Amino acid sequence: MAERNEEFYQQRLAKLQRLREQGIDPYPARFQRTHLAAEAVALFQAAHGDTPGAHGDETVTVAGRVTALRLMGRAAFLDLRDISGRLQAYCRVDRLGEVAYQRLHDLDLGDFLGVTGALFRTRTGEVTVEVHQYVMLGKSLQPPPEKWHGLTDVETRYRHRYLDLMSSEEVRQTFAVRSRIVSAMRRFLDARGFLEVETPMLQPQAGGALARPFVTHYNALGQDFFLRIATELHLKRLLVGGFERVYEIGRIFRNEGVSTKHNPEFTTLESYQAYADYQDVMAMVEEMVAHIVQEVLGATQFQYRDRTLDLTPPWRRITLRDAILEHSGIDYLAHPDAESLRAAMQVREMKVAPTLGYGKLVDELLSTFVEPQLVQPTFLLDYPVELSPLAKRKAEDSRLVERFEGFAGGMEIANAFSELNDPVEQRARFAHQAQLHAEGDEEAELPDEDFIFALEHGMPPAGGLGMGIDRLAMLLTDNPSIREVILFPQLRRKE
RNA sequence: GGGCCGGUAGCUCAGUGGUAGAGCAACGGACUUUUAAUCCGUGGGUCGAGGGUUCGAGCCCCUCCCGGCUCACCA
């Protein structure tokens with residue numbers, strides 16, 4: 001864990017004081033720069049090529065953080081880093097004058113500095129700005145992480161993410177990619193006529209997924225509220241209201257353990273499209289993901305861990321039944337009830353809690369045998385109705401619903417179905433869930449009377465989708481842990 | 001919650017029972033094209049916390065805290 005160092009702080013505070021005594025504001029409000037670091041380098045390169053020792057007459061003003069400082073008596077080099085990259089600055093006493101030059105001794109790594117000067121290329125070939133004048137833009141009072149090894153302590157990286165970002169270009173890149181994923185997703189959906197909406201995070205009851213919620217208290221109403229576990233039920237109310245294509249990208253909260261694939265708050269996309277079914281959604285998912293990857297990485301093939309993933313459509317499609325049969329040898333449809341299926345699983349030496357219901361057992365088979373094998377993008381189709389209280393049954397087989405999940409890199413990244421729009425059946429499904437809840441399943445879906453009331457007013461057939469943005473970001477940034485793609489991941493409080 | 005691993009200077013890390021170390025960073029000095037600048041010198045530590053064993057504990061034992069991986073739980 002990073003800790004404050006009082007000695008360094010006092011030293012830097014003294015430097016700050018010296019600046020003020022010289023009438024210098026160490027925290028000015030504004031600075032007008034003419035170029036980013038990378039722009040300055042490109043400018044010089046275009047005008048003078050890469051001949052070592054070349055001097056130009058281009059004057060630039062750049063600003064950034066001091067990341068290295070090499071004082072050599074009557075001359076000094078320092079590295080400035082801004083969002084575009086790094087630019088070396090060269091200071092010499094005969095150019096800056098004795099006073100301004102000596103003041104460099106009170107400069108520290110981490111300070112923000114603005115410099116103006118002429119570009120040249122050193123004899124070792126680096127484009128450099130020879131400083132005519134400089135301005136302190138923000139004094140730093142704590143030392144930055146080590147310049148060569150950077151920050152490796154994982155706990156410090158997460159608790160003080162600014163230090164991690166400060167010292168690692170790779171980490172900065174990860175979060176830039178994450179941002180581009182989300183904006184590419186928005187562009188894709190917007191171009192297809194989807195309307196982006198926002199629905200409540202604080203809810204009198206949390207529904208739309210099988211998960212335990214966080215509870216909070218609303219003082220003004222004197223009531224407990226729940227943080228949403230999904231956006232589904234509100235988005236479908238909007239279909240009832242007449243919107244035909246809606247989506248929401250937002251944070252949801254699930255009161256569960258953390259792991260490399262789970263953070264208690266995470267970000268999902270949910271979209272709903274009227275008059276579409278899960279087959280239409282499947283086509284959209286593979287097209288959308290390929291589009292995003294192409295925009296963000298410039299190709300639909302990329303490295304994830306030790307494998308090359310190819311997200312070019314079409315993705316493999318296989319029924320959940322066949323996938324489980326293939327990887328575990330168990331045909332769950334041949335075992336129509338929980339007792340029989342559990343017995344079959346125990347024959348294969350799986351430890352299964354006797355309290356697990358039929359749906360959970362199937363889920364267990366999926367996550368144990370199938371999910372880790374799905375490295376290349378794959379859609380699993382047709383799930384048992386017990387596992388999907390909000391999905392429409394298949395016309396040909398009432399044990400199953402029209403649902404698919406998308407996998408890549410051994411992780412679930414999408415979940416979608418043809419939405420159940422029959423209010424009477426929805427009520428019955430809720431009743432079944434209520435029964436499971438009464439039997440001790442804390443994750444069972446609770447009946448949402450207003451949602452049923454909405455359905456009773458008529459909802460068009462629709463295809464709905466949920467996607468985990470964090471997991472998509474893990475894939476595209478080649479990170480094995482969800483915490484690496486969340487800026488401030490959840491950690492236990494430390495005191 | 002279980003198992004395994006880790007927590008030593010601001011940072012990166014050595015140190016397996018006998019005077020707490022190195023590199024970077026910091027401070028002082030030399031140096032006008034360096035770039036992990038170089039050279040000389042200096043300061044800097046409740047060794048995660050608490051207890052125990054021992055003549056003596058960073059090191060061995062116990063408890064606890066925090067983190068990582070993993071299993072379980074968990075979409």
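Naming: A, B, ... by sequence-line order, numbering from 1 per chain. The structure displayed is predicted, hence computed values, not measured ones.
Using a 4.0 Å cut-off between charged side-chain N and carboxylate O, A:Asp164 and A:Arg161 make a salt bridge. Salt-bridge annotation for A:Glu169 and A:Arg81: absent, with no side-chain N of the basic residue lying under 4.0 Å from a carboxylate O of the acidic one. Looking at A:Arg317 and A:Glu286, a side-chain N of the basic residue comes within less than 4.0 Å of a carboxylate O on the acidic one, giving a salt bridge. Salt bridge status for A:Asp94 with A:Arg74: absent, with no side-chain N to carboxylate O gap under 4.0 Å. A salt bridge between A:Lys261 and A:Asp470 is absent, with no side-chain N of the basic residue lying under 4.0 Å from a carboxylate O of the acidic one. By the 4.0 Å N-to-carboxylate-O rule, A:Glu484 lies close enough to A:Arg157 to be salt-bridged with it.
Base-pair partner of B:G67: B:C5 (Watson-Crick or G-U wobble, both distances under 3.5 Å). Across every strand in view, B:C11 sits in a pair with B:G23 that passes the Watson-Crick or G-U test at under 3.5 angstrom. The nucleotide B:G56 finds no pairing partner, because no Watson-Crick or G-U wobble arrangement with both distances shorter than 3.5 Å includes it. Using N1 to N3 plus N6-O4 or O6-N4 for Watson-Crick, or N1-O2 and O6-N3 for G-U wobble, each under 3.5 Å, B:A37 pairs with nothing. With a cut-off of 3.5 Å on both pairing distances, B:C74 has no Watson-Crick or G-U wobble partner at all.
Atom P of B:G51 sits at a distance of 14 Å from the matching atom of B:C59, rounded to the whole Å. B:G56 and B:A72 have their C1' atoms separated by 44 Å, given to the nearest Å. The same atom, C1', is picked in B:U32 and in B:A26; the two are 25 Å apart, to the nearest Å. Only the C1' atoms considered, B:A30 is 50 Å distant from B:C69, to the nearest whole Å. A distance of about 8 Å separates the C1' atoms of B:G45 and B:U8, rounded to the whole Å. Atom name P, nucleotides B:A22 and B:G15: the rounded distance is 15 Å, in whole Å. Comparing the P positions of B:A25 and B:C40 gives an interatomic distance of 15 Å, to the nearest angstrom. Using P as the reference atom, B:U70 and B:A36 are 36 Å apart when rounded to the nearest Å.
Backbone-only contact: A:Gly150 has heavy atoms under 4.0 Å from sugar-phosphate atoms and none from a base. Residue A:Arg81 is out of contact with every strand shown, counting any heavy-atom pair closer than 4.0 Å. Among the protein residues, A:Asp363 comes within range of the nucleic acid bases, having at least one heavy atom under 4.0 Å from a base atom. At the heavy-atom level, A:Leu491 lies under 4.0 Å from the strands shown only through sugar-phosphate atoms. Using a 4.0 Å heavy-atom distance criterion, A:Asp94 is classed as a base contact. Across all strands, A:Thr260 comes closer than 4.0 Å only to sugar-phosphate atoms, never to a base (heavy-atom distances). Residue contacts for A:Arg483: at a heavy-atom cut-off of 4.0 Å it reaches the sugar-phosphate backbone alone, with no base atom in range. Nucleic acid contact class of A:His105 (heavy atoms, under 4.0 Å, all strands): none. Using a 4.0 Å heavy-atom distance criterion, A:Gln142 is classed as making no nucleic acid contact. At the heavy-atom level, A:Tyr9 lies nowhere under 4.0 Å from the strands shown.
Closest approach to the A:Arg159 side chain among B:C66, B:C27, B:U34 is made by B:C66 (side chain taken as heavy atoms from C-beta onward). The side chain of A:Leu109 approaches B:A26 more closely than any other nucleotide in the set B:A26, B:C66, B:U33. Taking every side-chain heavy atom of A:Glu146 into account, B:C24 is the closest of B:U32, B:C24, B:U33. Nearest nucleotide to the side chain of A:Lys147, out of B:C31, B:A25, B:C27: B:A25. Closest approach to the A:Glu256 side chain among B:G67, B:C13, B:C74 is made by B:C74 (side chain taken as heavy atoms from C-beta onward). Considering only the side chain of A:Phe77, B:U34 comes nearest among B:U32, B:C66, B:U34.
Between the P atom of B:C24 and the CG atom of A:Leu151 lies a distance of 19 Å, rounded to the nearest Å. As a whole-Å value, the separation of A:Leu107 CG from B:C27 P is 11 Å. For A:Asp164 and B:C11, the CG to P distance is 14 Å, given to the nearest whole Å. With rounding to whole Å, A:Arg157 atom CZ is found 16 Å from B:G6 atom C1'. Between A:Leu71 atom CG and B:U33 atom P there is a gap of 13 Å when expressed in whole angstrom units. One atom, CH2 of A:Trp148, and another, C1' of B:A37, lie 13 Å apart when rounded to the nearest Å. Across the protein-nucleic acid pair, A:Leu69 atom CG and B:U38 atom C1' stand 15 Å apart, rounded to whole Å. Distance, A:Met72 CE to B:C40 P: 18 Å, rounded to whole Å.
Residue side chain A:Gln88 reaches the base of B:U34 through a donor-acceptor N/O pair under 3.5 Å, judged by distance alone. Under 3.5 Å, the side chain of A:Arg123 and the base of B:U33 form no donor-acceptor pair of N or O atoms.
When each of A:Glu7 and A:Arg12 is assigned the nucleotide of RNA chain B with its nearest heavy atom, A:Arg12 is the one assigned upstream, toward the 5' end. Where A:Ala209 and A:Arg121 each meet RNA chain B at their nearest nucleotide, the meeting point lying more 5' is that of A:Arg121.
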- Item | Pair A:Glu130-A:Arg95, salt bridge (Lys or Arg N to Asp or Glu O under 4.0 Å): steps then yes or no | CA-CA 9 Å; A:Glu130 181 172 348; A:Arg95 178 85 216 200; 5.0 Å; no
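Dashed line: the shortest gap from a side-chain N or O of A:Lys15 to OP1 or OP2 of B:C27 is under 4.0 Å. Within the 4.0 Å cut-off from OP1 or OP2 of B:U38, not a single side-chain nitrogen or oxygen of A:Arg70 is found. OP1 or OP2 of B:C13 has at least one side-chain nitrogen or oxygen of A:Thr152 nearer than 4.0 Å.
The structure places CG of A:Asp79 at 9.0 Å from OG1 of A:Thr128, a figure rounded to the nearest 0.5 Å.
Residues A:Arg305 and A:Asp478 approach most closely at N-OD1, 2.5 Å, considering heavy atoms.
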